[in-house]
There are 2 protein chains.
Amino acid sequence: MTWIKLTRVPDASLTATKTISLSVIKTACSNCNLRELCLPFGLSIEELERLDDLVSTRRRLKRGEHLYRSGVPFDAIYAIRSGFFKTDVLLEDGREQVTGFQMAGELLGLDGISSEHHTCNAVALEDSEICAIPFSRLESLSREIHTLQHHFHKVMSREIVRDHGVMMLLGTMRAEERLAAFLLNLSQRFTARGFSHAEFYLRMTREEIGSYLGLKLETVSRAFSRFQEEGFIAVQQKHIRILDVAGLKALMNHRA
Amino acid sequence: MTWIKLTRVPDASLTATKTISLSVIKTACSNCNLRELCLPFGLSIEELERLDDLVSTRRRLKRGEHLYRSGVPFDAIYAIRSGFFKTDVLLEDGREQVTGFQMAGELLGLDGISSEHHTCNAVALEDSEICAIPFSRLESLSREIHTLQHHFHKVMSREIVRDHGVMMLLGTMRAEERLAAFLLNLSQRFTARGFSHAEFYLRMTREEIGSYLGLKLETVSRAFSRFQEEGFIAVQQKHIRILDVAGLKALMNHRA
DNA sequence: GTGTAAGCTTGATCCAAGTCAACCGTAAAG
DNA sequence: CTTTACGGTTGACTTGGATCAAGCTTACAC
């Protein structure tokens, strides 16, 4: 279960790190196995080391714990090192909208930049670990490292594009299409992280899926059952096996 | 069709510009009356002048014309100088989702940063004028001007927060709530631009409103009629007068 | 002007998803 | 091992918004 990934060795410095304790190795972006998915993408060795300085705070969260809440002052964004999160917005009258589910290598907290306060809640859906990245220091560093700056802009833009996808889903798709899109998206993201594309555990409840997809939990449950009857998937509570990716994809396009 | 842009002359410049023709004066951020809403927000005089250099290309679009289309290479973002736009995403099967309506002072094209290609279409809903801001030059300049960098980040983040609002709307609100939220949002943005908060012309069709709100055009039309019956607004085709802001607001919260 | 097409309104009907309700399965607590 | 609580499934019924259809208004082309 290592994390040691000895990459190219420019000078003796990296070999030096190998002699120190595993827990210390784990604290650096330069040794993080998620670096190709996360903020460090595309950085050189020296640049990576400068980023390491910045990402000094790490935090573990238990399932159900909040990483941040809507309204609290913003001063850092967070990279998920391991675990699974949801973000949601609550209306005064109690209505909840889940705005996203985030997994390892993804960033949380970008919503807070605009008003200097977080505008949604981020909750761990399983025991998780995150790296806090003080935002003003990230801005400083990205003024110096072009690659970092550009990659950060790409990450923000990707979030906007993702949101457009969700708007499309909520605005134009019917229940089963939404759920199919959701499962295919999860599958694809698990794959990118080296997990099975066909078999995974859902970390969220039917109600949370429903909130994300603009459906009631009963509708989500029925759609799961229907997919199982059709032979597209095998469901048992939170355990999902995708049996027919093409079938699910077809279901999404079989409209006008 | 000019676009000549004589920029300062590092000293004596401001007085100098005043002597040249109005149309030329208009081409600079430093003289743009939208600068407090747009990218230049918070910049000093000298910083503004550096931004002027960057924003050299201006373009007029007729109603119905595309500013960019999904799939084309991305190399600039666009500031709306005057006019009104929609952005939309088209699915292969012909379904359309309008992802936003943009007015003067707002930025278009942020979606393209992530993949270096635009991922939606931007269409002028009335004759409009935009300023093109070459993105790599904006990145360079924001590496030098902290304020610009930070403000740009805020703008991107604001877009993410806005999208969350739309997700909330599409995911949890009923038809009349959605339309009320839409009208109040437009009203608020017109106000910020010095127009009447109570009276305005819609630049988009019922179908485009419907697409944005995840409703069919008939539902939008019926909701307008209903609002009129209730005395919240006066509608005549695209001409809207808001008669009871509080009533519309109440309508949005009158839920469990 | 007059004709035509695009956009808007309104009515009648239908259906996908919501609501309400009962029951089941699993997991943690005692 | 039993209890309890939470989450999930399934059924019966309701309903908000979609669909289908007709007529109206406005703006522009000729």
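In what follows, every chain begins at residue 1, and chains take the letters A, B, ... in the order their sequences are listed.
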For atom [atom1] of [X] and atom [atom2] of [N], their distance in whole Å:
{"X": "B:Y201", "N": "D:dT26", "atom1": "OH", "atom2": "C1'", "result": "12 Å"}
{"X": "B:R178", "N": "D:dG16", "atom1": "CZ", "atom2": "P", "result": "14 Å"}
{"X": "A:L170", "N": "C:dA16", "atom1": "CG", "atom2": "P", "result": "19 Å"}
{"X": "A:M173", "N": "D:dA18", "atom1": "CE", "atom2": "P", "result": "17 Å"}
{"X": "B:F227", "N": "C:dT9", "atom1": "CZ", "atom2": "P", "result": "13 Å"}
{"X": "B:E208", "N": "C:dG7", "atom1": "CD", "atom2": "P", "result": "8 Å"}
{"X": "B:H239", "N": "C:dG7", "atom1": "NE2", "atom2": "C1'", "result": "18 Å"}
{"X": "B:K216", "N": "D:dA21", "atom1": "NZ", "atom2": "P", "result": "16 Å"}

> Between A:E218 and A:R222, does at least one N-O distance fall below 4.0 Å, as a salt bridge requires?
Replying inline: no
>> Under 4.0 Å between a side-chain nitrogen and a carboxylate oxygen: does that hold for B:E106 and B:R193?
In response: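 Salt bridge present between B:E106 and B:R193.
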>> Regarding B:G210, tell me which of base, sugar-phosphate or nothing describes its non-hydrogen contacts under 4.0 Å with the strands shown.
In response: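 Since no nucleic acid heavy atom lies under 4.0 Å of B:G210, the category is nothing.
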> For the helix from C:dG1-D:dC30 to C:dG30-D:dC1, what angle lies between the axis at the first five pairs and the axis at the last five pairs, to 10 degrees?
Replying inline: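 That helix has its two terminal axes inclined by roughly 40°.
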> Going from CG on A:L110 to CD on B:E159, what distance comes out if it is rounded to the nearest 0.5 angstrom?
Replying inline: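 One finds 13.0 Å between CG of A:L110 and CD of B:E159.
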> Do B:L183 and B:F224 have side chains that get closer than 4.5 Å, going by heavy atoms?
Replying inline: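 Side chain of B:L183 against side chain of B:F224, heavy atoms only: contact under 4.5 Å found.
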> Does the ring center of B:Y201 lie less than 6.0 Å from the ring center of B:H239?
Replying inline: yes
> What pairs with B:F195 under ring-ring contact (aromatic ring centres under 6.0 Å, His included), at least two apart in sequence or on another chain?
Replying inline: none
> Counting distance only, does the side-chain N/O of B:E230 pair as donor-acceptor with the main-chain N or O of B:F227 below 3.5 Å?
Replying inline: no
> In this structure, are over 12 heavy atoms from other groups packed under 6.0 Å from A:Q228 atom CD?
Replying inline: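 For A:Q228, atom CD is crowded (more than 12 foreign heavy atoms under 6.0 Å).
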> Should we count CZ of B:R162 as having more than 12 external heavy atoms under 6.0 Å?
Replying inline: yes
>> Using heavy-atom distances to pick each residue's nearest nucleotide on DNA chain D, tell me which of B:R63 and B:L215 is more 5'.
In response: B:L215
What pairs of nitrogen or oxygen atoms, one from the protein and one from nucleotides 6-9 of chain D, lie under 3.5 Å apart?
from, atom 1, to, atom 2, distance (Å)
D:dG8, OP2, A:R206, N, 2.9
D:dT9, OP1, A:R206, NH2, 3.3
D:dT9, OP2, A:R206, NE, 2.8
D:dT9, OP2, A:R206, NH2, 3.4
D:dT9, OP2, A:S221, OG, 2.8
D:dT9, O5', A:S221, OG, 3.2

